[in-house]
There are 4 protein chains.
Amino acid sequence: MYFAINSASEFPVYQQIVDQIKREIALGRLSCTDKIPTVRELAAQLIINPNTIAKAYRILEQQGIVVTRVGSGTFVSEAGSSLSQDARKTLVCGKLELAAVEAATLRISKTTVSEWFETILGKFMFREA
Amino acid sequence: MYFAINSASEFPVYQQIVDQIKREIALGRLSCTDKIPTVRELAAQLIINPNTIAKAYRILEQQGIVVTRVGSGTFVSEAGSSLSQDARKTLVCGKLELAAVEAATLRISKTTVSEWFETILGKFMFREA
Amino acid sequence: MYFAINSASEFPVYQQIVDQIKREIALGRLSCTDKIPTVRELAAQLIINPNTIAKAYRILEQQGIVVTRVGSGTFVSEAGSSLSQDARKTLVCGKLELAAVEAATLRISKTTVSEWFETILGKFMFREA
Amino acid sequence: MYFAINSASEFPVYQQIVDQIKREIALGRLSCTDKIPTVRELAAQLIINPNTIAKAYRILEQQGIVVTRVGSGTFVSEAGSSLSQDARKTLVCGKLELAAVEAATLRISKTTVSEWFETILGKFMFREA
DNA sequence: GTGGTCTAGACCACC
DNA sequence: GTGGTCTAGACCACA
């Protein structure tokens, strides 16, 4: 796994790690029960404070995306999210709305945005719960 | 116009104001050359420091979304963004990807996300540059 | 780096800071990835409120001239502007026109202005995008 | 004379009027001893508060660019600026520097800026003092 | 220790 | 009356 951390980004480093691990999973490059790097390994690789990595893993664990087994490491969780269908829709639609508003504000045509989104969806693996 | 500010949100107050004004415009509830509330009006209504409102308006102005005329107020701009086509695509696709990853992580089917997005797009007014 | 702030100037303090940092970069005295003084350092040195320095840095960041990394400081950016070619030409030609009108008004000969400008251009480092 | 006032500009209205009258003179569209519109006329034409026009004329008079003869109106002055050669150079070179720094910052090549400036200079009438 | 957010309040420029 | 500038100071997020 190669992560690209942009310390100049508007997003904090721990958030970028969370997003990129989620992305690896969505892309199918990380599967259920796969082991993800230890905090120390990733910290060494990215030349980042281990506390920052630990914070990212803690968030992923709270969201049910990974599980940590003391003594053996951190693994991609098999279980789906524990959130209700409504809560999920709110989360996803909130982000979709922000993207749509951004596109409308930048005067991009509806068909163009729609095409861009289909292309992006094609890159990820979607499996129903 | 009624804005809902959530001071416990993960997003700062000024960002919420920026997003909600962009949304009003994208929804067509605010049109070109319409006047938006004065800094002091909105500050009084939301019980927020005027500087915070002013910061939101400044950001909107820098993005070319509103224009301010000292002495008369702040108005929705007619002009489009001055960003290059590439910069726009990067901005929008970044947000679309985050939404797509979120959906995949939450195990929502591709067709469902796609439908949600089409519904959302239908709510907004898109006009090409 | 020594900045000269003139609080009696027609230009606001934060603008003077923005202009002087741009100038340092254009002169080649600040290079890509160089660290510029921290907000608190510069505030202490110039005896100015830190918020005023922060405002200047925020503007520089919005123009893509510096990047800030919370926790480590503010650095000169490597990336170029994201403005369209037209927007750039409008910005620069607007300033050139004002200078030309000023020269004509003050009855300075065209060749003199031209020579002055060439001398000034010689002081700065120009690198195409 | 037709002035284009942009009330959304970063420059105040009175400044725009000052600049545009200087520009008309530099373009040769207003000559020495020509009468410029009365405050009331211009205020009516631009739909602007007469005080704003009066402020612009006051500034032009202070700079020796127009003279007001009570009872007959305001006229383009024949006399040149009363400023010393050094003061003039400082004024003009300050503006040229700002334009050069802007160009360098926007990564425009030196030859391009130089060409733009020559084109602009060609539009104006320069007469030595 | 870095910058970011928000508040409170004074003063100013513009119209 | 409009927004803009600047100050002073508290508190927070990030690394």
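Naming convention: chains lettered A, B, ... in sequence-line order (proteins, then strands); numbering from 1 in each chain. We use all heavy atoms of the structure for the numbers below, so side chains are in, but hydrogens, waters and symmetry mates are not.
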Practice item. Ignoring backbone atoms, establish whether B/Thr68 has a side-chain N or O less than 4.0 Å from OP1 or OP2 of F/dG4. Key: yes
Study note, to complete from the structure: Closest to the 5' end of DNA chain E, once B/Val13 and C/Gly73 are matched to their nearest nucleotides, is C/Gly73
Practice item. Would you mind reading off the distance between A/Ile53 atom CD1 and F/dA15 atom C1', rounded to a whole angstrom? Key: 11 Å
**Study point:** Straight-line distance of D/Asp34 CG to D/Glu24 CD, nearest 0.5 Å
**Key:** 11.0 Å
**Study point:** Given DNA chain F, 5'-ward residue of the pair C/Thr52 and B/Thr38, judged by closest heavy atom
**Key:** B/Thr38
Review point. Within the pair B/Tyr14 and E/dC6, is there a side-chain N or O less than 4.0 Å away from OP1 or OP2?
Key: no
Point to revise | Separation of atom CD1 in B/Ile36 from atom P in F/dG3, rounded to whole Å | key: 9 Å
Revision key, fill the gap. Assert: residue with more 5' nearest nucleotide on DNA chain F, out of A/Pro12 and B/Ala54, is B/Ala54
Revision key, fill the gap. Rounded to whole Å, CD1 of B/Ile48 lies from P of E/dA8 at a distance of 11 Å
Check your understanding: What is the distance from CZ of D/Phe11 to P of E/dC15, rounded to the nearest Å?
Key -> 13 Å
Study note, to complete from the structure: In whole angstroms, the gap separating P of F/dC14 from CD of A/Gln16 amounts to 12 Å
Check your understanding: For B/Asn49 and F/dA8, what is the distance between atoms CG and C1' respectively, to the nearest whole Å?
Key -> 13 Å
Exercise for review: When you get a sec, tell me which of F/dC6, E/dC14, F/dG3 is the closest nucleotide to the side chain of D/Lys55?
Suggested key: E/dC14
Practice item. Looking only at side-chain atoms of B/Asn51, point me to the closest of E/dT5, E/dG3, E/dG9. Key: E/dG9
Revision key, fill the gap. Assign each of B/Gln15 and C/Ser72 the nucleotide of DNA chain E bearing its closest heavy atom; nearer the 5' end lies the nucleotide of C/Ser72
Study note, to complete from the structure: Here the gap from C/Leu106 atom CG to D/Lys22 atom NZ, rounded to the nearest 0.5 Å, amounts to 7.0 Å
Study note, to complete from the structure: Using Watson-Crick geometry (N1-N3 plus N6-O4 or O6-N4) or G-U wobble (N1-O2, O6-N3), each under 3.5 Å, F/dC14 is paired with E/dG1
Review point. Got a salt bridge between C/Glu102 and D/Arg88, using NZ or NE/NH1/NH2 to carboxylate O under 4.0 Å?
Key: no
Check your understanding: Which heavy atom of B/Gln16 sits nearest a heavy atom of B/Ser9, and at what distance?
Key -> NE2-CB, 3.3 Å
Check your understanding: Taking atom types as they are modelled, is there a donor-acceptor pair under 3.5 Å from the base of F/dG3 to the side chain of B/Arg40?
Key -> yes
Exercise for review: Answer yes or no: is there a side-chain heavy-atom contact under 4.5 Å between B/Pro50 and B/Ile53?
Suggested key: no
Review point. Nearest-Å distance, CD (B/Glu61) to P (F/dG4)?
Key: 7 Å
Check your understanding: For the pair made of CG in B/Leu42 and P in F/dG3, what is the distance, rounded to whole Å?
Key -> 10 Å
